[in-house]
Amino acid sequence: GDVATGTELAVVGAGPGGYVAAIRAAQLGVDTTLIEKDELGGTCLNVGCIPSKALIHATNVGYEADTAEEMGIHADVKVDMEQMVDWKDGVVDQLTSGVEKLCKANGVNIVHGRAEFAGENRLRVAHGGEGQGSETIEFEQCVVATGSRPIEIPGFAYDDDPVLDSTQLLALEQVPRSLVVVGGGYIGMELSTILAKMGCDVTVVEMMDDILPGYEEDVKRVVRKRAEELGVDFYFGQAAKGWERADDAGIVVTTENEDGEESTFDAEKAFVAVGRQPVLDTLNLDAAGLEPNEQGRLETDHTGETNVDGIFAIGDVAPGPQLAHKASKEGQVVAEVVAGEPAAMDYQAVPAAVFTDPEIATVGLTQAEAEEEGFTPAVGKFPFSASGRALTTNDHEGFVRIVADGDSGFILGAQIVGPEASELIAELGLAVEMGATLEDIAATIHTHPTLSEGVMEAAEHALGHAIHTL
Ligand code: FAD
């Protein structure tokens, strides 16, 4: 039957946006209901960030042991994929049950079911399974945090067995002999890298003329070169058109270049990673007076509020980069706004990381962006080949680059490609957020021998007095 309940705040979707919003709101004394149709933790914990990083790490443990002859390590590595996937699933379970405990401990009311709007102040939630009924939840304010799903392109339906999306790829219990990866974005590149390390013959076909759109050429080059060394083949300017079964239980993927010339690629499976689209079509947005913009997202103001009073949107359904930490920060901000606190989003220092080999991490402005904004940037660079620490780990490709305002020395941004880039970027995120200068970073004593010394050296380089680089 239909049960009616009321709540001050309804949060739809329990990914890193929604569950963080719910916990923060409850902490601030708001009566909060969190509605989730699947598992708590959303894409990030269940089929995104966490499982991908677990598999990347596990693969690297094996791969590094297997390729350390130079260091006198002669290992005979055997990979049990089924066990690796079990271990990864265990990590995911631990984190999702942690989210549930945190929600409960903070007094968040969790409702399992699929929500849709039934009015400006009302959601209808269908509980899973037959005969489990539905309930109507009246809310004073609402946060839409329903995330995103993989985009499906014509000719490549995900329910056809040899065609995989990232969720299906992360659940494979056997490494395919060969794989055509459609799309050289960050998800395609992260997973291509580990599959190549596991012995899969990987071919990336990309419509644009390079991998990783949005990143600078010298940053991408390091990752592309390493991927090629691992045996990944790249074909650019190729739009995937369709696939057919081949005689040998494999498939043939057809692509087309801009002149309409076709090429074919043989493989066991195809992995399509061409981006993710917001999940808004199932929400009956009309009923609440909401409408997605041309990019299919819900426009928001600096507090995360949509054009409808009291309805907020965060994470992958809102504008901006589709990243878990961006979703979570927006979740905190809207919770504070809902609770009546003064809060607003600040997008100056949203870091982004790509967990390829080596990693890429960026924050703030590039040199070109700084110039466009009218700065005369001071730029410093430090190559990891000059880092003692990088040499001791036998992992010394790449560099740290810092972009600062040439007049004031304020750090505007940074780009790192190299070992532990995803960790190293944190210091530079803090620098951008707090308005630190090159002098601040250069004056900070960094532990020796660590990769973080590279950040200090890049700042010194920008100031014209680097010690370990010319
Ligand atoms: P989601 O995490 O997508 O959560 C939305 C939730 O809403 C889901 O649980 C969904 O079931 C639920 N929902 C949807 N509709 C309804 C409904 N009608 N009723 C009830 N519930 C509903 N980001 C990073 O920052 N770092 C990474 O390393 C990274 N790696 C990634 C790797 C992969 C393979 C993928 C796919 C993504 C990765 N991402 C990464 C992106 C990251 O996962 C997303 O940006 C993030 O999860 C977005 O959070 P969200 O809260 O907006 O939505």
Side-chain angles (χ1 to χ4, degrees), residues 10-22 33-57 88 92 96 99 110-118 123-128 134 137 142-151 164-171 183 185-192 194 271-285 297-298 304 312-332 334 350-356 359-361 421-422 425:
V11 179
V12 185
Y19 86 72
V20 168
T33 301
L34 177 63
I35 307 151
E36 170 57 56
K37 68 176 170 57
D38 294 326
E39 304 289 333
L40 298 181
T43 302
C44 176
L45 263 60
N46 292 289
V47 294
C49 329
I50 296 299
S52 63
K53 268 78 255 182
L55 290 185
I56 288 169
H57 178 74
K88 177 233 6 172
V92 169
T96 53
V99 168
I110 300 171
V111 171
H112 294 282
R114 180 188 294 272
E116 62 172 32
F117 285 101
L123 288 162
R124 185 170 304 112
V125 181
H127 299 300
S134 64
I137 299 179
C142 178
V143 177
V144 181
T146 45
S148 62
R149 65 167 86 90
I151 293 174
L164 309 168
D165 65 10
S166 58
T167 302
Q168 292 162 323
L169 189 80
L170 289 170
Y186 86 90
I187 294 175
M189 285 305 299
E190 286 183 3
L191 299 176
S192 292
I194 55 167
F271 164 39
V272 181
V274 293
R276 298 178 59 82
Q277 71 189 76
V279 174
L280 290 172
D281 48 350
T282 48
L283 284 179
N284 195 27
L285 291 180
R297 312 230 193 163
L298 290 175
F312 297 78
I314 59 173
D316 286 4
V317 296
Q322 293 178 315
L323 294 167
H325 44 275
K326 176 261 190 189
S328 295
K329 183 52 74 186
E330 288 176 337
Q332 290 187 3
V334 299
V350 182
V354 183
F355 294 78
T356 39
E359 295 177 352
I360 296 173
S422 60
I425 203 68

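These numbers come from the heavy atoms of this one structure, side chains and all, not from hydrogens, waters or symmetry mates. Fair warning: this is a prediction, and the values are worked out from it, not measured in the lab. Read the numbers this way: they start at 1 and go in the same order the structure lists the ligands and their atoms.
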Practice item. Could you name the option among G113, A327, C49 that has the heavy atom nearest to atom 20 (C) of ligand 1? Key: G113

Check your understanding: Near S148, which atoms of ligand 1 are under 4.0 Å from a heavy atom of that residue?
Key -> 3 (O)

Point to revise | Closest protein heavy atom (residue, atom, distance) for atom 4 (O) of ligand 1 | key: G15 CA, 3.5 Å

Point to revise | Stepwise side chain to side chain contact (heavy atoms under 4.5 Å, CB included) test for V12 and L123 | key: CA-CA 9 Å; V12 185; L123 288 162; 3.7 Å; yes

Check your understanding: Which of the atoms of ligand 1 are close to G147, meaning less than 4.0 Å from one of its heavy atoms?
Key -> 1 (P), 3 (O), 5 (C), 52 (O), 53 (O)

Study note, to complete from the structure: C44 heavy atoms within 4.0 Å reach ligand 1 at atoms 2 (O), 43 (O), 47 (O)

Point to revise | Heteroatom proximity flag, A324 to ligand 1, N/O under 3.5 Å | key: yes

Review point. Does ligand 1 have an atom that lies less than 4.0 angstrom from a heavy atom of K53?
Key: yes

Check your understanding: Which one holds for I187 and ligand 1: side chain close, backbone close, both close, or neither close, with close meaning a heavy atom under 4.0 Å?
Key -> side chain

Check your understanding: Below 3.5 angstrom, do we get any N/O pair linking R114 and ligand 1?
Key -> no

Review point. Can you tell me the protein heavy atom closest to atom 36 (C) of ligand 1 and the distance?
Key: R276 NH1, 3.3 Å

Check your understanding: How long is the span from the CG atom in L298 to the CG atom in L285, to the nearest 0.5 Å?
Key -> 6.0 Å

Point to revise | Side-chain donor or acceptor of E116 paired with backbone N/O of R124 under 3.5 Å | key: no

Check your understanding: Is the closest N or O pair between F355 and ligand 1 shorter than 3.5 Å?
Key -> no

Point to revise | Nearest-option assignment for atom 11 (O) of ligand 1, heavy atoms, candidates E190, E36, K326 | key: E36

Review point. Which of the atoms in ligand 1, numbered in the order shown and given with their element, are less than 4.0 Å from a heavy-atom of H325?
Key: 25 (O)

Check your understanding: Does an N or O from Q322, backbone or side chain, lie closer than 3.5 Å to an N or O of ligand 1?
Key -> yes

Exercise for review: Could you establish whether Y186 and ligand 1 come within less than 4.0 Å of each other, counting only heavy atoms on the residue side?
Suggested key: yes

Point to revise | ligand 1 contact by R149, heavy-atom criterion under 4.0 angstrom | key: no

Check your understanding: Would a 4.5 Å heavy-atom cut-off, applied to side chains only, mark N46 and D38 as touching?
Key -> no

Check your understanding: Can you find a pair of side-chain heavy atoms, one from K88 and one from L55, that are under 4.5 Å apart?
Key -> yes

Practice item. Taking side-chain contact (heavy atoms from CB on, under 4.5 Å) as the test, write out the residues that go with K326, two or more places apart. Key: A318, P321, L323, E330, Y347, V350

**Study point:** Side-chain donor-acceptor pair present, E39, T96, cut-off under 3.5 Å
**Key:** no

Point to revise | Per-residue contact class, S52 against ligand 1 - non-hydrogen pairs under 4.0 Å | key: side chain

Practice item. Run the numbers for me: atoms of ligand 1, each under 4.0 Å from some heavy atom of I35, listed by number. Key: 20 (C), 21 (N)

Exercise for review: Among L280, I314, V279, find the one that has a side-chain contact (heavy atoms from CB on, under 4.5 Å) with V144.
Suggested key: L280

Practice item. Nearest 0.5 Å please: distance from the CD1 atom of I151 over to the CG atom of D165. Key: 12.0 Å

Revision key, fill the gap. Checking heavy-atom distances from atom 21 (N) of ligand 1 to each of E39, K37, E330, the winner is K37

**Study point:** Where at least one partner belongs to residues 44-53, residue pairs that pass salt bridge (Lys or Arg N to Asp or Glu O under 4.0 Å), sequence neighbours excluded
**Key:** K53-E190

Exercise for review: Report the part of E116 in contact with ligand 1, treating N, CA, C, O as backbone and CB onward as side chain, heavy atoms under 4.0 Å; options are side chain, backbone, both, neither.
Suggested key: neither

Practice item. For atom 16 (C) of ligand 1, grab the closest protein heavy atom and report residue, atom and distance to one decimal in Å. Key: T146 CG2, 3.6 Å

Review point. Given side chains that start at C-beta, do those of R276 and T43 come closer than 4.5 Å, heavy atoms only?
Key: yes

Review point. Taking the side chain as C-beta and beyond, is there a heavy-atom pair between C142 and F117 under 4.5 Å?
Key: yes

Exercise for review: Could you list which atoms of ligand 1 come closer than 4.0 Å to a heavy atom of T43?
Suggested key: 1 (P), 2 (O), 3 (O), 4 (O), 36 (C), 43 (O), 47 (O)

Review point. Checking salt bridge (charged side-chain N to carboxylate O under 4.0 Å, His left out) for the pair R149/D281: CA distance, chi angles, key distance, verdict?
Key: CA-CA 11 Å; R149 65 167 86 90; D281 48 350; 3.0 Å; yes

Exercise for review: Looking only at protein heavy atoms, identify the closest one to atom 18 (N) of ligand 1 and say how far it is in Å.
Suggested key: A115 O, 2.9 Å

Practice item. Specify side chain, backbone, both or neither for L283, according to which of its non-hydrogen atoms lie closer than 4.0 Å to ligand 1. Key: side chain

Exercise for review: Can you measure from NE2 (H57) to OG (S52) and round to the nearest 0.5 angstrom?
Suggested key: 13.5 Å

Revision key, fill the gap. re atom 32 (C) of ligand 1, the protein heavy-atom contact at minimum distance is G48 C, 3.4 Å

Exercise for review: Just jot down the ligand 1 atoms closer than 4.0 angstrom to any heavy atom of G42, in number order.
Suggested key: 2 (O), 4 (O), 8 (C), 9 (O)

Review point. Can you find a heavy atom in the side chain of M189 that is under 4.5 Å from one in the side chain of I187?
Key: no

Study note, to complete from the structure: atom 50 (P) of ligand 1: of A353, P16, G13, the nearest heavy atom sits on P16

Check your understanding: Mind checking whether P278 and D316 have side chains closer than 4.5 Å, heavy atoms only?
Key -> no

Review point. What part of V125 sits under 4.0 Å from ligand 1 if we count only heavy atoms: the side chain, the backbone, both or neither?
Key: neither

Exercise for review: Report the distance from atom OH of Y186 to atom CG of L191, rounding to the nearest 0.5 Å.
Suggested key: 10.0 Å

Review point. Can you tell me the protein heavy atom closest to atom 45 (O) of ligand 1 and the distance?
Key: D316 OD1, 2.9 Å

Study note, to complete from the structure: Note: ligand 1 atoms sitting under 4.0 Å from heavy atoms of G17 are 51 (O)

